[in-house]
Amino acid sequence: MASLVANEKPQYARLPSQDDRQDEESISHHSQIQHELNWRRRFYILLFCSASAISAVVGGSAYKLRTAGSAFSCPILPTNHGDVEIPYSPAPVKYVNKLLVGDPDTPKFMGQPRPELDEAWHELLDATLIRYSGDELRRANNATSVRHKDGGFVGGLGISHSLHCLKRIKQYIHPQYYYGHEEQNWDELYSHVDHCLESLRQEVLCSADVNVYTLKWTRHSRFKPTVKVPQPHACVDWAALHGWMKGRAARLDDMVGPPESLYEDH
């Protein structure tokens with residue numbers, strides 16, 4: 001055993017020199033710098049991709065708003081409501097850019113009373129009554145209404161009441177055509193029209209169109225310029241909304257009648 005140990009060559013490990021330690025520190029420092037560069041590179045790539053994605057979304061939305069005739073969906077304009085609660089509605093509202101001058105339907109609604117005008121108003125007020133489910137009324141904070149014979153409830157949209165009021169006012173300014181064929185309660189008619197005017201006043205203030213309009217001089221007057229509203233508005237797509245209303249249309253005959261107890265005291 002002693003000879004074996006004696007014959008073995010001693011094993012030595014060289015102590016690291018100052019140069020070796022400097023090389024190791026240099027390699028470690030270089031590795032740390034490379035790691036930081038890689039991290040920064042990945043961070044800036046991620047930042048660039050995120051900014052590009054956000055720019056694409058914002059740019060696409062802005063393009064839709066600028067393009068006349070383009071349609072865009074809810075949220076209901078304006079998008080910045082702050083702390084104001086927007087009431088629920090099941091109506092599938094979307095918006096389109098539209099000029100408020102040059103509407104092709106305008107000639108049908110202007111001028112003296114005639115069958116074409118009456119037919120246009122009749123079509124506009126089609127599906128004034130529509131059918132709701134109980135869940136839709138609860139979500140709209142209107143828990144009940146007149147019941148539908150086949151289940152659910154019967155109600156309407158605010159636009160239908162506004163159009164009804166406009167039709168009433170139109171008829172009121174042509175009393176001989178609309179009311180001259182039989183005796184009328186003129187006080188009641190006036191009261192109805194007065195209610196409609198006040199209702200529309202409040203609705204106009206509520207919606208408050210803030211689109212910019214301009215003025216121009218015309219031959220019409222030397223003292224008062226004419227209003228010019230050339231820019232496109234963001235308008236509810238009435239054709240799409242009216243189609244949805246027609247799909248839910250209800251009639252007076254579809255309603256569950258009133259309880260007899262309602263009239264017992266009269």
Side-chain angles (χ1 to χ4, degrees), residues 87 89 91 100-132 137 140-142 144-148 153-211 213 220-221 223-227 229 233 235-236 238 241-242 245-246 248-266:
S89 173
L100 297 188
V101 293
D103 189 319
D105 287 335
T106 294
K108 295 190 297 185
F109 291 94
M110 295 188 69
Q112 295 298 315
R114 61 196 184 281
E116 181 192 20
L117 184 146
D118 295 335
E119 181 61 29
W121 274 107
H122 179 76
E123 166 60 23
L124 206 57
L125 286 168
D126 189 18
T128 293
L129 297 176
I130 59 177
R131 190 173 175 181
Y132 290 111
L137 288 188
N141 293 323
N142 288 288
T144 188
S145 184
V146 175
R147 290 189 175 275
H148 194 285
F153 300 86
V154 178
L157 295 177
I159 179 63
S160 296
H161 180 256
S162 299
L163 291 174
H164 157 79
C165 277
L166 284 174
K167 180 183 177 182
R168 277 286 185 173
I169 296 170
K170 182 75 172 181
Q171 292 176 340
Y172 190 76
I173 62 177
H174 298 285
Q176 293 303 319
Y177 182 88
Y178 290 105
Y179 305 117
H181 56 282
E182 59 184 26
E183 187 174 347
Q184 299 290 338
N185 185 334
W186 293 101
D187 290 337
E188 181 179 346
L189 286 173
Y190 172 80
S191 178
H192 194 161
V193 170
D194 201 33
H195 151 76
C196 280
L197 285 170
E198 174 56 16
S199 177
L200 291 173
R201 183 190 71 85
Q202 293 185 37
E203 290 178 20
V204 168
L205 291 177
C206 179
S207 57
D209 184 1
V210 293
N211 286 280
Y213 72 83
H220 180 71
S221 172
F223 308 100
K224 185 178 180 181
T226 299
V227 173
V229 192
H233 285 59
C235 300
V236 171
W238 168 249
L241 179 60
H242 202 195
M245 293 165 65
K246 290 179 179 179
R248 289 187 169 215
R251 301 172 302 170
L252 289 175
D253 293 342
D254 295 327
M255 297 181 184
V256 175
E260 292 298 329
S261 59
L262 186 63
Y263 308 97
E264 289 178 353
D265 298 335
H266 296 276

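Note that the structure is a prediction, hence the values are computed from the model and not measured.
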Worksheet item: If you count the non-hydrogen atoms of other residues, nucleotides and ligands that lie under 6.0 Å from CZ in R147, is the total more than 12?
Response: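 Not buried by this count: 12 neighbours or fewer within 6.0 Å.
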Worksheet item: In this structure, are over 12 heavy atoms from other groups packed under 6.0 Å from E188 atom CD?
Response: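 For E188, atom CD is not crowded (no more than 12 foreign heavy atoms under 6.0 Å).
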Worksheet entry | Verdict with supporting geometry, L129 and R251, side-chain contact (heavy atoms from CB on, under 4.5 Å) | CA-CA 7 Å; L129 297 176; R251 301 172 302 170; 6.0 Å; no
[atom1]-[atom2] distance between [X] and [Y], expressed to the nearest 0.5 angstrom:
X	Y	atom1	atom2	result
T128	K167	OG1	NZ	8.5 Å
L163	K170	CG	NZ	14.0 Å
H164	S199	NE2	OG	9.0 Å
L117	Q112	CG	CD	9.5 Å

Shortest non-hydrogen contact between [X] and [Y], atoms and distance:
X	Y	value
L166	L200	CD2-CD1, 3.7 Å
A250	R131	CB-N, 4.5 Å
A127	S160	O-OG, 4.4 Å
R114	K108	NH2-O, 3.5 Å
P104	P107	O-CD, 3.4 Å
H233	N211	CD2-ND2, 3.0 Å

Ignoring hydrogens and geometry, is there a side-chain-to-backbone donor-acceptor pair from [X] to [Y] under 3.5 Å?
X	Y	value
S207	E203	yes
H242	D126	yes
Y178	I173	no

Worksheet entry | Donor on one side chain, acceptor on other, D194 and Y172, under 3.5 Å |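 No pair is found: no donor N or O on one side chain lies under 3.5 Å from an acceptor on the other.
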Worksheet item: Does a donor on one side chain sit under 3.5 Å from an acceptor on the other, for N185 and Y179?
Response: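 Y179 and N185 do not have a side-chain donor-acceptor pair below 3.5 Å.
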Worksheet entry | H195/H161 under ring-ring contact (aromatic ring centres under 6.0 Å, His included): CA gap, chis, key distance, verdict | CA-CA 12 Å; H195 151 76; H161 180 256; 5.6 Å; yes
Worksheet item: side-chain contact (heavy atoms from CB on, under 4.5 Å) between D118 and Y177: does it pass, once the steps are laid out?
Response: CA-CA 11 Å; D118 295 335; Y177 182 88; 3.1 Å; yes
Discussion item. If you apply the rule side-chain contact (heavy atoms from CB on, under 4.5 Å), what do you find for F109 with L124, and how did you get there?
Written reply: CA-CA 10 Å; F109 291 94; L124 206 57; 3.8 Å; yes
Item to complete: State, yes or no, whether a side-chain contact exists between M255 and H148 at a heavy-atom distance under 4.5 Å.
Response: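 No, every pair of side-chain atoms sits at 4.5 Å or beyond.
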Worksheet entry | Non-neighbouring partners of S145 that pass side chain to side chain contact (heavy atoms under 4.5 Å, CB included), sequence neighbours left out |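 So S145 forms a side chain to side chain contact (heavy atoms under 4.5 Å, CB included) with L137, F153.
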Item to complete: List the steps and the verdict of side-chain contact (heavy atoms from CB on, under 4.5 Å) for L157 and I130.
Response: CA-CA 8 Å; L157 295 177; I130 59 177; 4.0 Å; yes
